[in-house]
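Every chain is numbered from 1 and lettered A, B, ... according to where its sequence line falls, protein lines coming before strand lines. As the structure is a prediction and not an experimental result, all values here were calculated from the model.
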Amino acid sequence: MKVLMFGWEFPPHISGGLGTACYGLTNGMSYLEDMEILFVVPKAFGDEDQSKLRLIGANDVELSQKNPHYEKLLEKIQFIEVNSNMVPYMDPEDFYTQISKDKEGSKNYIHTHFTGKLEFTGTYGKDLYQEIANYAVIASEIAENYDFDVIHSHDWLTYPAGMAAKEVSGKPLVVHVHATDFDRSGGNVNPSVYEMEKTGMNAADKIISVSNLTRNTVIQNYGIAPEKVVTVYNAVDPVVQKENISVKKGYDEKVVTFLGRITMQKGPEYFIEVAKKVLQKMDNVRFVMAGSGDMMIKMIWHAASLKIMDKFHFTGFLRGDDVYRMFSVTDVYVMPSVSEPFGISPLEAMQSNVPVIISHQSGVSEILKHAIKVNFWDIDAMADAIYGILNYDALSEVFKKHGKEEVDNLKWENSARQVKDIYLSVL
Amino acid sequence: MSTICLYFQVHQPFRFRNYRFFDIGDEHYYYDDYSNESIFRKVAEKCYLPANKVILELINKYEGKFKVAFSISGIAMDQMELYAPDVLESFKALAETGKVEFLAETNSHSLVSLKDEDEFRQQVEEHGEKLKKHFKQEPKVFRNTELIYSDEIGAQVARMGYEAMLTEGAKHILGWKSPNYLYCNAIDPKLKVLLKNFKLSDDIAFRFSDQSWEEYPLTADKFVGWLNQMGKEEETVNLFMDYETFGEHQWEETGIFKFLKSIPEMVFANSDFTFSTPAEVARNLQVVSAIQVPYPISWADEERDLTAWLGNELQEQAFDRLYELGEQMKKITDPVLKKDWSYLQVSDHFYYMCTKFFSDGAVHSYFNPYDTPYDAFINYMNVLSDFSLRVNAAVPKNNVEMEIANLTGIINEKDEIIQKYEQELYELNKQLFSGTKRTTSAGKTKTANTAGAKKAGTAKKKSPARKTKLAKRKPE
């Protein structure tokens, strides 16, 4: 079976969970028999791992003038060219650099429509909507020139591309919902993003959601028939113990960590409130908020106003091994997300033998047993769980013992098998 | 001649409230009154009251040929006094027939038999007193929490003077032997051991309403047919189960009460079986052999071992921390502390922390008020932490704590003196300046306040309502 897959990013050039999930899934598929994947991203850098699939950068595809679909397509996608600063699904660090770059570089940006190749940044910059449209144009070109059985689009950015490919080829389309705008915006949905998401879901023959939480959002907020939406949980790749990453802790205190984008979706303010609660009762503990985001400044003020800054630390954005270094000194990992379609990072924490507390409002809570689950707003319960893990050592021992085992049993191969069944159902 | 021995277990845990770590050292009330009362009432209406009525009718109808035994945990009796005096009355009515035997057990439905013989004996005595008080019976037969038994525990029970003890007829203990005979303890042969016929017991307790079971539906006719099929030489069929089987685990709609009603009728009409209580079985039958149980067994789960209560690190830590307080508790006389101590030992708390439920699902989650074993553990440890603080304050463990306790005593004494002087000062002031009414009344409130606050500080047991009231008034 040949799959034409559209993604927006692919490791190592990723900014969040989407690229990791795409890589994991395709990797898992490579273990299945009779699976061939053609993965399209807006921009190929050339250093991606292509051992398991064939990667095509949309920026490398040459357009042939003859193609009659362009005009029609562009007309269709016209509506999405909204000039908006709303930049979804992006790492805030990149956001700042992107915005400033766009300001300087916008004049040099050459739109080379119909003259051969198109320019892509493959990020989530200001010209995102233009890129999405261009990406769809390229998609129809690819659909003409390649042979495949099914189309698979990851998240709303690539839905137009998937739809274009479906139109050209007549092959079935599966869209994969890793997140919806309801998760990202906390309810203040951007109408044009919503429109694009809904159009994509309507056009799809089957929809894959990463959790039942997301499945419900798709059914209720996008009006999709329940039988069309299937949940396939993400998994996590086993960690390869590179070198011995360990940090010497220069203090005899426990560490409680929040790691993720500091945005409303992740519930950072609840973490600060919980820190205040715990610090009222015990002294030998420090709280770390690792990450960056549009709410970071506000959170610093928040923590300062509670007078806990002597015990509360902001690290900024952590990359690569720094994440594992952080985990190696962490005693409890907390993810108080307000709305988390899946949430891979608690799994990474568990791989590093860190006990985790996660919110019920996360997709990952549907599959994890050896984790403490609380409602994101229930600061008392969260504080109690933190206190329990820090003070009653049997608890962290049990978590370490069972947690790692549990995570090691989540395999991308299983997810891939389920996805294959979904392909077969639409063929 | 073969006989049927029916024994029903009556127990309801005393559940803890959601006890947060902020409460440690501050709030000393641990119980979830609402769910304790509502659950107990629910079980009373669905099971205890209707089932007691049926059994009373059966005893009267068959003029004493039908008889049963109950074991009611001390915790359950406490809750009957609190929430369901009608249930207690109906058990008393059963006791008065003389055809109902009450068995001894630990007062707190605890696992203490695994830990401390002295404490074990004390809890059994405590339970015995309650039985005497309510039912005017002196128990002769002992049943341990969850039918936990080992050679060693049996020997301890024999030393307490009991004639017989009940336990599970676990396969791995019996091997080729049959549970349908009377056995004796391997260390002290004076103690008779009655073994539960788990196949027939569980047919009623667990499988009765299971529609996927090949024998469904189970009728009294069929059941007595099975009894008749057994060899003539089998002497006793011990049917041991939770009393909540009737009406609560198996709902009335399943026909469980009709089944219970028609069992004696079918037995007397179609078989040679009689009914006996455990004490009668122990007295009337001959011991066939000793039963070897080197490691403790119970009636729980497939494994019939202790892993439902003491199978993981959480349970072990909680259990060890609890009984670390045992020595200190022996010196304590305060009734409130003693009551909390006994409620902390209820085996159910440890059952909630069982991680086996991920595989041994249904039964565990049915009884569990917590979402996960982790929640159960944290809540329990929070309560235990507070309790330890109170015990350490009452019976200091080492010199530092002793000193603190002494100093607290001195401070309290001085507080009282200050309070007395303040009062005197106020009286004198009043005599000296009989000023305007306004100043006097203002002064009065203030003095009363400080006195009140002092008093609250002195007396350890203060009501939360009073405390907040004082705190609110202070800024005046």
Segment of D375(B) engaging chain A (4.5 angstrom heavy-atom cut-off): side chain
Could you state the interatomic distance from NZ (K281(A)) to CG (D26(B)), rounded to the nearest 0.5 Å? 6.5 Å
For D384(A) and Y19(B), run side chain to side chain contact (heavy atoms under 4.5 Å, CB included): C-alpha distance rounded to whole Å, both residues' side-chain angles, the deciding distance at 0.1 Å, then the answer. CA-CA 9 Å; D384(A) 209 40; Y19(B) 190 89; over 6 Å; no
Taking the side chain as everything from C-beta on, heavy atoms only, tell me whether K401(A) gets closer than 4.5 Å to E313(B). yes
Of L395(A), I389(A), D393(A), the largest count of non-hydrogen pairs under 4.5 angstrom with chain B goes to L395(A)
Are there more than 12 heavy atoms of other residues, nucleotides or ligands under 6.0 Å from atom OH of Y29(B)? yes
Side-chain donor-acceptor pair under 3.5 Å between Y392(A) and N382(B), yes or no? yes
To the nearest 0.5 Å, how far apart are OG1 in T355(B) and NE2 in H402(A)? 5.0 Å
Below 4.5 Å, heavy atoms only, C-beta onward: do I378(B) and Y387(A) meet side chain to side chain? no
Between F377(B) and V398(A), is any pair of side-chain heavy atoms under 4.5 Å apart? no
Mind checking whether Y374(B) and F399(A) have side chains closer than 4.5 Å, heavy atoms only? yes
If you measure from NZ on K277(A) to CZ on F22(B), what distance do you get to the nearest 0.5 Å? 4.5 Å
Which answer fits V278(A), side chain, backbone, both or neither, if we ask what part of it has an atom under 4.5 Å from a heavy atom of chain B? both
Whether over 12 other heavy atoms sit under 6.0 Å from K330(B) NZ: yes
Given that the side chain runs from C-beta out, which part of A383(A) has a heavy atom under 4.5 Å from chain B: side chain, backbone, both or neither? both
Derivation and outcome, side chain to side chain contact (heavy atoms under 4.5 Å, CB included), residues D380(A) and N18(B): CA-CA 10 Å; D380(A) 282 354; N18(B) 214 338; over 6 Å; no
